[in-house]
Amino acid sequence: QVQLVESGGGSVQAGGSLRLSCAASGFSDSVFSMAWFRQTPGKEREGVAAMDADGTASYRDSVRGRFILSKDNAKKTLYLQMNRLKPDDSAMYYCAADSNRAMGWGRWVPNEYHHWGQGTQVTVSS
């Protein structure tokens, strides 16, 4: 059974940094696609950053240059380093994973991921 456990959320002031972690278990190997999504009340879940199975990282425009995605394949853990945080970054952040190694544009579509974590809250105050 696949499980994703997120950690690292919290409250920071604008300009600060946080590092989110997502530990995956239950996958038969270390090669799979993972992503971070975020959601605020009343809005749709949106993709923040995604990593294909080959290690290629993609970012939404609003976080590119501030957020850095990395993955430790041995630990099956995905990290999201969030720098220069803004109040607009405040949201519940969710980790997603799928055994599909080549998500293509589907990497930004929540329904394309079969596995989700419970979420971790990020709050950025001005």
Side-chain angles (χ1 to χ4, degrees):
Q1 181 178 357
V2 174
Q3 284 190 319
L4 302 176
V5 179
E6 301 116 328
S7 60
S11 298
V12 295
Q13 290 190 327
S17 298
L18 284 173
R19 188 194 194 203
L20 304 184
S21 300
C22 174
S25 61
F27 278 98
S28 59
D29 59 43
S30 62
V31 182
F32 45 90
S33 300
M34 298 184 76
W36 287 98
F37 286 76
R38 65 187 181 189
Q39 189 171 24
T40 54
K43 293 189 177 181
E44 293 186 355
R45 191 167 296 191
E46 63 181 22
V48 177
M51 182 171 284
D52 292 341
D54 66 358
T56 302
S58 302
Y59 303 90
R60 70 179 297 111
D61 289 345
S62 63
V63 308
R64 189 176 296 113
R66 298 188 297 121
F67 291 10
I68 302 171
L69 196 61
S70 61
K71 186 183 179 189
D72 185 328
N73 283 324
K75 295 182 179 180
K76 297 184 182 181
T77 299
L78 184 73
Y79 302 98
L80 184 66
Q81 178 67 44
M82 305 187 294
N83 302 317
R84 305 199 308 275
L85 282 160
K86 304 176 181 180
D88 284 350
D89 295 319
S90 298
M92 184 69 79
Y93 281 70
Y94 296 91
C95 177
D98 197 89
S99 57
N100 185 347
R101 300 185 177 191
M103 299 288 287
W105 283 105
R107 66 174 68 91
W108 302 116
V109 180
N111 286 345
E112 293 293 319
Y113 291 87
H114 286 86
H115 309 289
W116 290 87
Q118 79 286 355
T120 185
Q121 180 68 39
V122 172
T123 303
V124 185
S125 58
S126 58

Parallel, tilted or perpendicular: which describes the rings of Phe67 and Tyr93, with under 30° parallel and over 60° perpendicular? tilted
Beyond-backbone contact of Leu20 with Val122, side-chain heavy atoms, under 4.5 angstrom: yes
Pairwise distance CH2(Trp36) to CE(Met82) - rounded to 0.5 angstrom: 8.0 Å
Spacing of CD belonging to Glu6 relative to SG belonging to Cys95, to within rounding of 0.5 Å: 5.5 Å
pair Tyr113-Met103: side-chain heavy atoms closer than 4.5 Å: yes
Roughly how far, to the nearest 0.5 Å, is CZ of Arg107 from CG of Asn100? 10.5 Å
Contact between Ser58 and Trp108 at the side-chain level, heavy atoms closer than 4.5 Å - yes or no? yes
Taken to the nearest 0.5 Å, the spacing of Arg19 CZ from Ser70 OG works out to 6.0 Å
Taking only Lys NZ, Arg NE, NH1 and NH2, and the carboxylate oxygens of Asp or Glu, determine whether Glu46 and Arg60 approach each other closer than 4.0 Å. yes
Can we say Asp89 and Lys86 salt-bridge, meaning some charged N sits less than 4.0 Å from an Asp/Glu carboxylate O? no
Side-chain heavy-atom pair Leu4, Met34 within 4.5 angstrom cut-off: yes
Compare all side-chain heavy atoms of Thr120 with those of Tyr94 and state whether any distance is below 4.5 angstrom. no
Mind checking the CG-OG spacing from Leu78 to Ser21? Nearest 0.5 Å is all I need. 8.5 Å
Are Asp52 and Arg101 close enough for a salt bridge, meaning some N to O gap below 4.0 Å? no
Would you call Tyr79 and Lys71 a side-chain contact if the rule is heavy atoms closer than 4.5 Å? no
Would you indicate whether the side-chain heavy atoms of His114 and Ser99 approach each other to under 4.5 Å? no
Can you check whether Phe37 reaches Val48 side chain to side chain, under 4.5 Å on heavy atoms? no
Look up atom CH2 in Trp105 and atom CD in Glu112, then write down how far apart they are to the nearest 0.5 Å. 13.5 Å
